[in-house]
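Working notes, beginning with the structure itself.
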Protein chains: 2
Amino acid sequence: MRFDRPPPEPLASAPGFLLSWNGQRTSHTFAEALKPLGLRPHHFGVLTLIDTQPGSTQQELVDRSMIDPSSMVTVIDELEELGLAERRPHPSDRRKHAVHLTDRGIETLGRARASAIQTAEELFAPLDAEERETLRRLLRKLAGVETASARPRLGAD
Amino acid sequence: MRFDRPPPEPLASAPGFLLSWNGQRTSHTFAEALKPLGLRPHHFGVLTLIDTQPGSTQQELVDRSMIDPSSMVTVIDELEELGLAERRPHPSDRRKHAVHLTDRGIETLGRARASAIQTAEELFAPLDAEERETLRRLLRKLAGVETASARPRLGAD
DNA sequence: TATTGTTATACTCTATAACTATA
DNA sequence: TATAGTTATAGAGTATAACAATA
């Protein structure tokens with residue numbers, strides 16, 4: 001699929017297609033922005049989750065990411081090869097690993113976040129601040145995310 | 001990716017992830033709905049385009065669908081195998097094919113549309129009519145679709 | 001020379017099932 | 001018996017480049 005021009009009619013009039021197209025373009029653009037850092041979207045997502053809760057087990061990361069277990073193994077393998085994360089023995093269960101970020105992982109996550117913020121800025125440029133907030137609210141409602149009071153948002157990706 | 005539950009935080013707070021997730025769920029749900037008819041989303045899209053402009057060349061379908069040329073060959077091959085479309089000689093250029101729907105293609109397209117309408121109804125159930133229209137408007141703007149006056153919309157997919 | 005359609009191929013991503021070691 | 005992690009494998013989907021026929 002090409003994303004260098006808007007979808008032509010009659011596709012652009014179909015709400016389902018519109019949503020798919022915007023979603024795919026978004027993933028694609030973020031993926032491109034992460035490439036210079038040697039990362040793919042899953043790497044960024046998992047780095048973020050480890051940062052949020054250092055020492056998570058792989059199973060916990062699976063639950064919080066919607067990535068399946070075998071893919072999670074690959075992602076963490078790659079993060080280790082890149083020197084961004086490491087598996088440590090879990091204190092109380094020898095089956096589990098406690099996954100942590102390395103110093104370099106923390107640095108790289110910072111750079112990835114900056115890149116994501118800039119990408120989001122470019123992607124959402126056609127919308128003003130109020131429209132962006134409306135879109136976010138509608139997408140959360142559509143996804144079935146609990147809208148329990150005002151959670152702090154991530155701003156970036 | 002699993003779509004049977006909403007994405008957990010902090011992913012659900014990231015506008016880019018939200019958009020990707022909703023888009024992927026939408027594609028996935030439409031794909032599932034089309035399976036009983038033996039169709040994939042590309043089949044439905046191309047059937048729609050042929051119906052809109054019978055006798056289109058494959059290149060025209062490529063331009064109007066954002067499907068690349070070699071994939072278009074496969075899609076039309078499959079539509080022919082299913083007895084839903086056929087390549088006819090182009091009246092003025094022997095390199096080209098004029099692609100038409102068969103009677104069965106027209107019937108199947110009708111069934112696919114009905115299925116798409118029902119799927120869209122289920123997907124967008126969390127939003128009321130006004131919210132759906134707002135979402136559609138914002139997604140069109142985000143995609144860069146020209147909002148030139150009121151075009152008739154497709155209602156369905 | 002350029003265009004239309006085709007073929008062959010390779011690549012990415014993901015899903016599935018079977019296996020191990022521990023509990 | 002059940003769980004955490006791993007491995008191997010297969011499948012879907014898509015992109016790329018080379019090619020033949022025709023303009």
Side-chain angles (χ1 to χ4, degrees), chain A residues 1-4 20-21 23-25 27-28 30-32 34-35 38-46 50 55-81 85-100, chain B residues 1-4 20-21 23-32 34-35 38-46 50 55-81 85-100:
Chain A
M1 185 111 67
R2 40 189 308 180
F3 299 108
D4 54 329
S20 300
W21 188 87
Q24 284 191 259
R25 181 176 64 156
S27 323
H28 181 262
F30 276 109
E32 287 298 316
L34 289 171
K35 266 187 185 169
L39 302 178
R40 285 179 295 110
H42 275 174
H43 296 138
F44 180 39
V46 173
I50 302 170
S56 295
T57 66
Q58 296 185 194
Q59 185 56 48
E60 286 166 350
L61 294 172
V62 163
D63 292 338
R64 292 164 58 216
S65 69
M66 319 188 93
I67 296 172
D68 70 290
S70 76
S71 301
M72 183 61 74
V73 170
T74 305
V75 169
I76 299 178
D77 283 351
E78 290 164 347
L79 290 177
E80 282 199 316
E81 283 164 24
E86 58 185 9
R87 294 175 169 96
R88 298 186 197 158
H90 190 277
S92 62
D93 188 334
R94 299 210 309 184
R95 291 174 304 181
K96 300 179 181 177
H97 293 145
V99 185
H100 291 266
Chain B
M1 185 110 67
R2 40 190 309 180
F3 299 107
D4 53 331
S20 299
W21 188 87
Q24 284 191 258
R25 182 177 63 156
T26 301
S27 324
H28 181 262
T29 307
F30 276 110
E32 287 298 316
L34 288 171
K35 265 187 186 170
L39 301 179
R40 286 180 295 112
H42 277 174
H43 295 138
F44 179 39
V46 173
I50 302 170
S56 295
T57 66
Q58 295 185 196
Q59 185 55 49
E60 286 166 350
L61 294 172
V62 163
D63 292 339
R64 292 164 59 215
S65 69
M66 320 187 92
I67 297 171
D68 70 290
S70 75
S71 300
M72 184 60 74
V73 170
T74 305
V75 170
I76 298 177
D77 283 351
E78 290 163 347
L79 290 177
E80 283 199 316
E81 283 164 23
E86 58 185 8
R87 293 175 170 98
R88 298 185 196 157
H90 190 277
S92 62
D93 187 333
R94 299 210 307 185
R95 291 175 304 181
K96 300 178 180 176
H97 293 145
V99 185
H100 291 264

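On a predicted model such as this, the values are computed, not experimentally measured, just so you know. A, B, ... follow the sequence lines: proteins, then strands. Residue 1 opens every chain.
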Send over the distance from [X] [atom1] to [N] [atom2], rounded to a whole Å.
X: A/E78; N: D/dT7; atom1: CD; atom2: P; result: 13 Å
X: A/L34; N: C/dC13; atom1: CG; atom2: P; result: 12 Å
X: A/K96; N: C/dA21; atom1: NZ; atom2: C1'; result: 14 Å
X: B/L79; N: C/dG5; atom1: CG; atom2: P; result: 15 Å
X: B/D68; N: C/dT12; atom1: CG; atom2: P; result: 16 Å
X: A/D63; N: D/dA4; atom1: CG; atom2: P; result: 8 Å
X: A/H28; N: D/dG13; atom1: NE2; atom2: P; result: 19 Å
X: B/R87; N: C/dT4; atom1: CZ; atom2: C1'; result: 12 Å

Problem - Nearest-nucleotide 5' precedence on DNA chain C, A/S92 against B/V73 - result: B/V73

Using a distance-only criterion (donor-acceptor N/O pair, under 3.5 Å, no hydrogens), is the base of [N] paired with the side chain of [X]?
X: B/S70; N: D/dT16; result: yes
X: B/T57; N: C/dT4; result: no
X: B/R95; N: C/dT3; result: yes

From the list [options], which nucleotide is the closest neighbour of the side chain of [X]?
X: B/D77; options: C/dG5, C/dT7, D/dG5; value: C/dT7
X: A/R94; options: D/dA4, C/dA23, C/dC13; value: C/dA23
X: A/D93; options: C/dA23, C/dT7, D/dG5; value: C/dA23

Problem - Short side-chain N/O contact to C/dT12 OP1/OP2 from A/R40, under 4.0 Å - result: no

Problem - Below 4.0 Å: OP1/OP2 of C/dT6 and any side-chain N or O of B/Q58 - result: yes

Handout entry: Note, B/H43 side chain near B/L34 side chain (heavy atom, < 4.5 Å)
Key = no

Practice task
Kindly indicate whether the side chain of B/R87, heavy atoms from C-beta on, has any atom under 4.5 Å from the side chain of B/E80.
Solution key: yes

Exercise for the section: Answer with base, sugar-phosphate or nothing: what part of the nucleic acid does A/H90 contact at a heavy-atom distance below 4.0 Å? Expected result: nothing

Exercise for the section: Identify whether any heavy atom of A/H42 sits under 4.0 Å from a base atom; if not, whether one sits that close to sugar-phosphate; answer base, sugar-phosphate or nothing. Expected result: sugar-phosphate

Problem - Interatomic distance, A/M72 atom CE to A/D77 atom CG [nearest 0.5 angstrom] - result: 11.5 Å

Completion exercise
CD (A/Q24) and OG1 (B/T26) are apart, to the nearest 0.5 Å, by 10.5 Å

Completion exercise
Comparing B/P41 with A/Q59, nearest DNA chain D nucleotide closer to 5' gives the residue A/Q59

Practice task
Please check if the side chain of B/H97 supplies one atom and the backbone of B/V99 the other of a donor-acceptor pair under 3.5 Å.
Solution key: no

